[in-house]
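Side chains are part of it too, since the values below use all heavy atoms of this structure and drop only hydrogens, waters and symmetry mates. Predicted model only: the values in this text are computed from it and were never measured. Numbers here simply count residues along the sequence, with the first being 1.
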Amino acid sequence: MSTYEKLSVPAIGTHISVEDGRLIVPNDPILPFIEGDGTGRDIWRASRRVFDAAVEKAYNGERHVEWFEIFAGEKALKVYGDNVWLPEDTLTAIKEFIVAIKGPLTTPVGGGIRSLNVAMRQRLDLYACVRPVRWFEGVPAPVKEPGKLNVIIFRENTEDVYMGIEWKAESADARKVLSFLRNEMGKEIRSDSGIGVKPISKTASQKIVRKAIQWAIDRELTSVTIVHKGNIQKFTEGAFREWAYELATMEFRDKVVTEQELWDTFDGNLPEGKILIKDRIADAMFQQLLLRPDEYEVIVTSNLNGDYLSDACAAQVGGLGLAPGANISDHYALFEATHGTAPKYADKDVINPGSVILSGVMMFDYLGWDEVSKLIIRGIERAIGAKKVTYDLHRQMEGATKLKTSEFADAIIELM
């Protein structure tokens, strides 16, 4: 048991453990949670009630969750002080208890602390950002056939521009880098430029591709699409593509067929039981997901591309209010809201809690508690089908009943 400065571990409950590469989940797991900033308080209260109700209904009291509050963001400042936005306690707790869930956290723009979300991903090596995107029938969407989009995006989480390696324009460090590029590398860049570095490694690229392909195998899916901008950034994005194909054809040779092999060897017909590995240039992929979304199942890509694509896909099916996400390493997993903190709505009991609730669905799937996930999904589908929704959906749905955050949780629980 770890020692904590300011955390109180539940007196009852059991640790999740890992044996032979598999999670061992007890009937009473201790699950750390971060409430979140801004609207996170309302959303977490509603989500936790849904989770507890679904577990109780699924297992009639034979299983339950022991929730363990840990801190990050504004609440961490109150608890720890001294400008501590991300306490070591929090990172230690996630490592000790393996699986955790969080609400949205404050990320200042243009200065101050760097993203807490990014810091947690890097400190815990949560290298896979996993974002499933699907449509719930009845949710207003800007496309004609939103139900055709049902993808899961695997976004590399630790590298690319999100490493934050950059220097302010005209600073001493920026001038030093510019001098090196000019004098040593023969690259002339305007002297008033801000400079950033975009690292993409073979190690990280192949780890995310491995996880994406294994996901497809485990769920008997038929395609994995590598998304990149390798036509322009040949030694970063282009290398990501090359390393992805290399990993696929070396480690999963008996499971996969590349798109070139599909046409050269199989006349365009995918052999039964095989997974098609294909790639698309990032800008073209945005068009593909609008025009031919049902041709894609699993998408694997670098950090910045994945950020753009996952939010764009969510917009096609109604927005971030119903967009879940997870950050996963080999075993550690942190499930999270994918939207921001919306501070102007904080403590007003109006925001859609769907993103955290659906992230909880992902979490219970990860734990192997599928019965819980199915109940929550059923409750959400029925609530939306009955047009009992929060304001973000109400304003777009004729004849809908506008519910508060807490009331939407009530509706989901009632309709499970």
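- For R63, the CZ atom is densely surrounded, since the number of other residues' heavy atoms within 6.0 Å is greater than 12.
- Closest non-hydrogen pair, P29 versus W369, comes out as CD-CH2, 3.6 Å.
- Scanning both residues, V317 and V139, for their nearest heavy atoms gives O-CG1, 3.5 Å.
- Residues V298 and W215 have side chains in contact (heavy-atom distance under 4.5 Å, counting atoms from C-beta outward).
- Checked by atom type, the side-chain pair Y59/N27 shows no donor-acceptor distance below 3.5 Å.
- The shortest heavy-atom contact between K234 and G230 is CG-O, 3.5 Å.
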Please evaluate residues S310 and T338 with respect to the criterion side-chain contact (heavy atoms from CB on, under 4.5 Å), reporting the C-alpha separation (whole Å), side-chain torsions for both, the decisive distance (0.1 Å), and the verdict. CA-CA 10 Å; S310 54; T338 57; over 6 Å; no
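- Looking only at side-chain heavy atoms (C-beta outward), D160 and P199 stay at 4.5 Å or farther from each other.
- Electrostatic pairing of K388 and E407 does not count as a salt bridge here, judged by no charged N lying under 4.0 Å from a carboxylate O.
- Atom OH of Y245 is separated from atom CD1 of I277 by 8.0 Å, given to the nearest 0.5 angstrom.
- Between D311 and R131, at least one side-chain nitrogen of the basic residue sits less than 4.0 Å from a carboxylate oxygen of the acidic one, meeting the salt-bridge criterion.
- Looking at heavy atoms from C-beta onward, D370 lies out of side-chain contact with F364 at the 4.5 angstrom threshold.
- With respect to V50, the side-chain contact (heavy atoms from CB on, under 4.5 Å) criterion is satisfied by exactly one of I413, I380, V356: I413.
- Here E381 pairs with R134 in a salt bridge; the nearest charged N to carboxylate O distance falls below 4.0 Å.
- Considering OG1 of T158 and CD1 of I200, their distance stands at 10.0 Å, rounded to 0.5 Å.
- Under the 30°/60° scheme for interplanar angles, the aromatic rings of W44 and W67 are found to stand perpendicular.
- With contacts defined as side-chain heavy-atom distances shorter than 4.5 Å, the pair P353/T390 qualifies.
- Tested against S302, the residues R155, K229, K198, E237 include a single side chain to side chain donor-acceptor pair (under 3.5 Å) partner, E237.
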Take L31 and F68 through the side-chain contact (heavy atoms from CB on, under 4.5 Å) test and state the conclusion after the steps. CA-CA 6 Å; L31 295 182; F68 171 27; over 6 Å; no
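- Put simply, the side chain of E336 reaches to within 4.5 Å of the side chain of R121, judged on heavy atoms.
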So Y332 and N327, side chain to side chain donor-acceptor pair (under 3.5 Å) or not? Walk me through it. CA-CA 8 Å; Y332 302 140; N327 299 289; over 6 Å; no
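- Note that the NZ atom of K102 and the CD1 atom of I94 stand 9.0 Å from one another [nearest 0.5 Å].
- Separating the OH atom in Y127 from the CD1 atom in I328 is a distance of 9.0 Å, to the nearest 0.5 Å.
- The two residues A244 and V209 make their nearest non-hydrogen contact at CB-CG2, 3.6 Å.
- Counting only heavy atoms from C-beta outward, the side chains of V224 and V256 never approach each other to under 4.5 Å.
- D125 and S329 form no side-chain donor-acceptor contact under 3.5 Å, judged by distance and modelled atom types alone.
- A donor-acceptor distance shorter than 3.5 angstrom exists from the side chain of T39 to the backbone of T341, with no hydrogens or angles considered.
- Counted within 6.0 Å of NZ on K274, heavy atoms from surrounding residues, nucleotides or ligands total more than 12; the atom is thus considered enclosed.
- Atom NZ of K404 has 12 or fewer heavy atoms from other residues, nucleotides or ligands within 6.0 Å.
- Nearest heavy atom pair, residue T405 against residue I351, reads OG1-O, 2.7 Å.
- When only modelled atom types and interatomic distance are considered, Y296 and R280 share a side-chain donor-acceptor pair under 3.5 Å.
- Look at K348 and D42 and you find no salt bridge, because none of the NZ, NE, NH1 or NH2 atoms lies under 4.0 Å from a carboxylate O.
- Under a 4.0 Å N-O distance rule, the pair R41/D347 qualifies as a salt bridge.
- When all heavy atoms of T301 and V227 are compared, the closest pair comes out as OG1-O, 2.8 Å.
- For E5 (side chain) and D89 (main-chain N/O), no donor-acceptor pair under 3.5 Å exists by modelled atom type.
- Atom CD1 of I70 sits about 11.5 Å away from atom NZ of K75, to the nearest 0.5 Å.
- Contact of the L393 side chain with the P140 side chain is registered, since non-hydrogen atoms from C-beta on lie closer than 4.5 Å.
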Evaluate the criterion side-chain contact (heavy atoms from CB on, under 4.5 Å) for residue pair I152 and V130; output intermediate values, then yes/no. CA-CA 7 Å; I152 185 157; V130 184; 3.4 Å; yes
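- Separation of atoms CE (M362) and CD1 (I101) is listed at 10.0 Å; rounding is to 0.5 Å.
- Salt bridge annotation for K202-E246: present, with a cationic side-chain nitrogen under 4.0 angstrom from a carboxylate oxygen.
- A 4.5 Å side-chain heavy-atom check between L178 and W167 finds every atom pair outside the cut-off.
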Set out, in order, the CA-CA distance, both residues' side-chain angles and the distance that settles side-chain contact (heavy atoms from CB on, under 4.5 Å) for F408 and N352, then state yes or no. CA-CA 8 Å; F408 187 54; N352 188 341; 3.8 Å; yes
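- With respect to D410 and R49, a salt bridge is recorded, a charged nitrogen being found less than 4.0 Å from a carboxylate O.
- Counting heavy atoms of neighbouring residues, nucleotides and ligands inside a 6.0 Å radius, atom CZ of R219 exceeds 12 of them.
- With ring centers used as reference points, Y391 lies under 6.0 Å from Y345.
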Evaluate the salt bridge (charged side-chain N to carboxylate O under 4.0 Å, His left out) criterion for residues K211 and E156: first the C-alpha distance (whole Å), next the side-chain angles of each, then the deciding distance (0.1 Å), finally the verdict. CA-CA 10 Å; K211 190 169 283 288; E156 201 291 316; over 6 Å; no
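- Annotation for Y308: atom OH does not count as buried by contact number, only 12 or fewer foreign heavy atoms lying within 6.0 Å.
- More than 12 heavy atoms of other residues, nucleotides or ligands sit less than 6.0 Å from atom NZ of K387.
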